[in-house]
There are 2 protein chains.
Amino acid sequence: MSGDRRVRRTRRLVQEALVALILEKGYDAVTVTDVIERADVGRSTFYSHFTDKQDVLLSNLDEHGFLRPAPEAGPCGLFAFSLPMFAHAREQERLVRALLGRRGGGPLLAHGERLLAEIVGRELLAAGARPSAALDLLVVCVTGAYMGLLRAWVDGETAASPAELDAAFRAAVEPGVRAFLSGDVAYSHGRDE
Amino acid sequence: MSGDRRVRRTRRLVQEALVALILEKGYDAVTVTDVIERADVGRSTFYSHFTDKQDVLLSNLDEHGFLRPAPEAGPCGLFAFSLPMFAHAREQERLVRALLGRRGGGPLLAHGERLLAEIVGRELLAAGARPSAALDLLVVCVTGAYMGLLRAWVDGETAASPAELDAAFRAAVEPGVRAFLSGDVAYSHGRDE
DNA sequence: TGTCCTCCAGAACACTCTGTTCGTTATCGA
DNA sequence: TCGATAACGAACAGAGTGTTCTGGAGGACA
């Protein structure tokens, strides 16, 4: 472990307090004063570790291994990220709800969406799509559909399991994606070979 | 026109000031004090018309005819709302960017998404789908894809025209939706007839 | 064990923003 | 023209932010 035990303790207390408070009151309603009271930590202490609320969230996320470009599990079919990601979300349910939920203010949602868009884009290119404006729009659609499901689950609008969410995602977008790919691949074959 | 000329003037000034400021600084960064300065309106005047920032936005939206369940243009195919809605967004570009953009804080986005989900749900039911958990998830996917495109356009990530956005939307989701519907319809035929 | 150094508590501070109140002035509709 | 109503503007209490400082407690390391 790195550094002073007191430092770890303080950071952990603050992070846990913030997550708990977000789940109770929603991100916007939580104040720094709330957090330091709940964490039982001095005001100056808070500001010596974090710059503000958002910083606490980001550090928390970072230390839990989110925000990293995903391990690139290997080419086992289209949208390999889907099921593991839903599953991971359910494991870290408490944190994920606080971060992405309707009460979470969703400043992180945009970041997650960009990250996911990169993954989807890479997958489609690997599957034979050529870079184009149409591909970019398809990526947006696919990403939007996925994030929609994730958000719906986080907000408790559905009780579906990770497997069911994954199935719904694939059922909704795979036909369109395959049609797009087959057109694209056929076309690029016609040109390149 | 309804009411006092002074009232109309004040409301208009405030609404315009807020939109302008959001586009400059982003929703969160705009304070009520900013708005009343820009609008050149007394503080007490502001609070006699609106309860807060959000209220200004909602009133603005309401008076422009958003937030209404859409005129239900008639059954001319699946996702009839798509193209007109993209087109309408481009016409009201300034307002829509302020309301839905990354800088817009997106408190309205959730509302818009729910509204759209209702429309999509009704369309799919009208097309023969039976109410089910799977249908709900499909609606979430379709809605997510549409909102993703809208947000991408609003945030300037794409320069696509309404027609291109509409085409991308349909290409991405229609195959999956049709597959879902044909399965559903076939099944309900098997049971009901 | 002891020493040194880092971290923490707590209070006080200036600052910004919010939402309300009230007496005065101006502007509207009829 | 005149009564009603809206706007002004200043002042206010309250809440939150982010900084600074001092004294004291706790850990790391030999």
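In what follows, chains are A, B, ... by sequence order, proteins preceding strands, each numbered from 1.
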query = So, is A/T33 close to the D/dG16 phosphate, meaning a side-chain N or O under 4.0 Å from OP1 or OP2?
reply = no
query = Between atom CZ in A/R9 and atom P in C/dC8, what is the gap in whole Å?
reply = 9 Å
task = Select from A/F46 and B/D40 the residue whose nearest nucleotide in DNA chain D is closer to the 5' end of that strand.
result = B/D40
message = Nearest whole Å is fine: how far is D/dG16 P from A/Y27 OH?
response = 16 Å
ask   = From B/L18 CG over to B/L57 CG, what is the distance, rounded to the nearest 0.5 angstrom?
value = 5.5 Å
ask   = Nearest to the side chain of B/V32 - D/dG26, C/dG19, D/dG18?
value = C/dG19
ask   = For B/L13 and D/dC8, what is the distance between atoms CG and C1' respectively, to the nearest whole Å?
value = 14 Å
request  = Kindly indicate whether the side chain of A/R43 and the base of C/dG10 share any N or O donor-acceptor pair separated by less than 3.5 Å?
outcome  = no
task = Please report, rounded to the nearest Å, how far the C1' atom of D/dC8 is from the CZ atom of B/R6.
result = 12 Å
key: side-chain N/O A/T10 vs C/dC8 OP1/OP2, d < 4.0 Å   = yes
task = Nearest whole angstrom, please: distance from the C1' of D/dA7 to the CZ of B/R12.
result = 15 Å
note = When rounded to whole Å, the CG to P distance for the pair A/D4 and D/dA28 reads 5 Å
message = Does A/R12, at its CZ atom, have more than 12 non-hydrogen atoms belonging to other residues, nucleotides or ligands within less than 6.0 Å?
response = yes
ask   = Under 30°, 30 to 60°, or over 60°: which ring-plane class applies to A/F81 and A/F79, parallel, tilted or perpendicular?
value = perpendicular
query = Between B/R5 and A/S44, which is nearer to the 5' end of DNA chain C once each is assigned its nearest nucleotide?
reply = A/S44
task = Could you tell me whether the phosphate oxygens of D/dG18, OP1 or OP2, come under 4.0 Å of any side-chain nitrogen or oxygen in A/Y47?
result = yes
query = Parallel, tilted or perpendicular: which describes the rings of B/F86 and B/Y146, with under 30° parallel and over 60° perpendicular?
reply = parallel
message = To the closest 0.5 Å, what do you measure between CZ (A/R6) and CG (A/D4)?
response = 4.0 Å
message = Nearest to the B/S48 side chain among D/dA7, D/dG16, C/dT18, which nucleotide is it?
response = D/dA7
message = What is the distance, to the nearest angstrom, from the CD1 atom on A/I36 to the C1' atom on C/dA9?
response = 11 Å
task = Report yes if at least one side-chain N or O of A/H49 is closer than 4.0 Å to OP1 or OP2 of C/dC7; otherwise report no.
result = no
remark   = Rounded to whole Å, the CG-C1' distance (A/D52 to C/dT16) equals 16 Å
